[in-house]
Q: 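Can you read through this structure? Questions will come right after.
Since the model is a prediction, treat every value here as computed from it, not as a measurement.
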Amino acid sequence: MAYQTFRQEYMQIPPVTRAYTTACVLTTAVVQLEIITPFQLYFNPELIFRNYQVWRLITNFLFFGPVGFNFLFNMIFLYRYCRMLEEGSFRGRTADFVFMFLFGGLLMTIFGLFVNLVFLGQAFTIMLVYVWSRRNPYVRMNFFGLLNFQAPFLPWVLMGFSLLLGNSIIVDLLGIAVGHIYFFLEDVFPNQPGGGRILKTPYIL
């Protein structure tokens with residue numbers, strides 16, 4: 001009975017959110033079990049282009065570190081905002097949501113060539129948070145019962161939280177930058193005089 005209930009709840013998760021969060025959890029699990037190591041997953045352009053270890057283009061987005069507070073914090077935010085996007089502004093537009101994943105991942109990979117980041121999953125989560133926050137500007141947020149603010153400030157609050165924890169804010173800035181580029185091209189520029197839709201989901205998706 002418990003398994004059937006879990007399976008039913010699991011299958012109710014939108015497909016893209018379900019696939020991505022499952023991949024992240026499974027990747028962490030196999031690392032935790034020492035089946036593989038993070039050294040086989042991290043973003044390394046030299047190994048990708050010279051040794052053809054192309055899986056690193058994907059796996060660096062799937063590992064959020066060992067099981068602990070940071071992992072749980074990232075998983076909660078990833079699941080929550082990925083699902084809200086997929087069930088909100090991307091409802092009935094799964095192909096467009098997948099295209100946003102591909103566009104954001106490609107931009108982060110390009111930027112990753114110039115910054116010293118070996119795992120881009122956290123930046124990807126911030127990108128999802130940024131896009132959701134800009135598309136829901138009037139939603140009131142509460143951060144650990146300490147701060148009340150409107151949704152567009154959420155990525156910056158998270159960046160401040162990272163700073164307080166002593167983490168590098170380069171990750172947050174990268175996610176915000178890529179999220180803003182997507183939001184501008186998809187939501188702002190098409191509505192400008194003389195503007196048009198630049199990002200078009202490929203027919204193959």
Q: Relative to each other, are the rings of Y182 and F103 parallel, tilted or perpendicular (30° and 60° limits)?
A: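 The arrangement is tilted - the two ring planes meet at 30° to 60°.
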
Q: Just wondering, do T125 and F61 contact through their side chains at under 4.5 Å, heavy atoms?
A: no

Q: Are F64 and N70 close enough, and set up right, to give a side chain to side chain contact (heavy atoms under 4.5 Å, CB included), and what steps lead you there?
A: CA-CA 8 Å; F64 287 80; N70 193 53; 5.8 Å; no

Q: Would a 4.5 Å heavy-atom cut-off, applied to side chains only, mark M141 and S133 as touching?
A: no

Q: Considering only heavy atoms from C-beta outward, does the side chain of Q150 approach that of R140 to under 4.5 Å?
A: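 The answer is yes; the side chains approach within 4.5 Å.
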
Q: Check for me, please, whether M159 and V115 land in the same ILVMFWY cluster - side-chain distances under 4.5 Å, paths through other members count.
A: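 Linked within one cluster.
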
Q: Report whether W55 and L106 are members of the same hydrophobic cluster (ILVMFWY, side-chain heavy atoms less than 4.5 Å apart, transitive linking).
A: no

Q: Side-chain contact test, heavy atoms from C-beta onward, threshold under 4.5 Å: evaluate it for L78 versus C24 and give yes or no.
A: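 In short, these two side chains touch, coming nearer than 4.5 Å.
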
Q: Determine whether R135 and F183 make a side-chain contact, defined as any pair of heavy atoms from C-beta on separated by less than 4.5 Å.
A: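 R135 vs F183: side chains touch.
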
Q: Could you check whether any side-chain heavy atom of R18 comes within less than 4.5 Å of a side-chain heavy atom of M11, counting everything from C-beta outward?
A: yes

Q: Group every Ile, Leu, Val, Met, Phe, Trp and Tyr by side-chain heavy-atom contacts under 4.5 Å, then state whether L102 and L57 land in the same group.
A: no

Q: Tell me, yes or no, whether the heavy-atom count around Q12 atom CD, taken from other residues, nucleotides or ligands under 6.0 Å, exceeds 12.
A: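 Yes, the 6.0 Å shell around CD holds more than 12 heavy atoms from other groups.
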
Q: Would L117 and F111 satisfy side chain to side chain contact (heavy atoms under 4.5 Å, CB included), going step by step from the backbone distance to the final call?
A: CA-CA 9 Å; L117 292 176; F111 290 144; over 6 Å; no

Q: Decide side chain to side chain contact (heavy atoms under 4.5 Å, CB included) for V131 and E186; before the verdict, give the C-alpha distance in whole Å, the side-chain angles of both, and the deciding distance to 0.1 Å.
A: CA-CA 10 Å; V131 174; E186 182 69 11; over 6 Å; no

Q: Report whether V171 and L72 are members of the same hydrophobic cluster (ILVMFWY, side-chain heavy atoms less than 4.5 Å apart, transitive linking).
A: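 Per the 4.5 Å side-chain linkage, V171 and L72 are co-clustered.
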
Q: Taking CZ in F153 as the centre, count heavy atoms belonging to other residues, nucleotides or ligands within less than 6.0 Å. Is the count above 12?
A: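 Count not over threshold, so no.
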
Q: For V31, which fellow cluster members are found when Ile, Leu, Val, Met, Phe, Trp and Tyr are connected by side-chain heavy-atom distances below 4.5 angstrom, either directly or through intermediates?
A: V30, L33, I35, I36, F39, L41, Y42, L47, F63, V118, F119

Q: If we only count heavy atoms from C-beta on, is the I170 to N116 side-chain gap below 4.5 Å?
A: no

Q: Does any pair with a residue in residues 65-92 pass ring pair (Phe, Tyr, Trp, His ring centres under 6.0 Å), and if so which ones, sequence neighbours excluded?
A: F69-F73, F73-F77, F73-F161, F77-Y81, Y81-W132, F90-F97

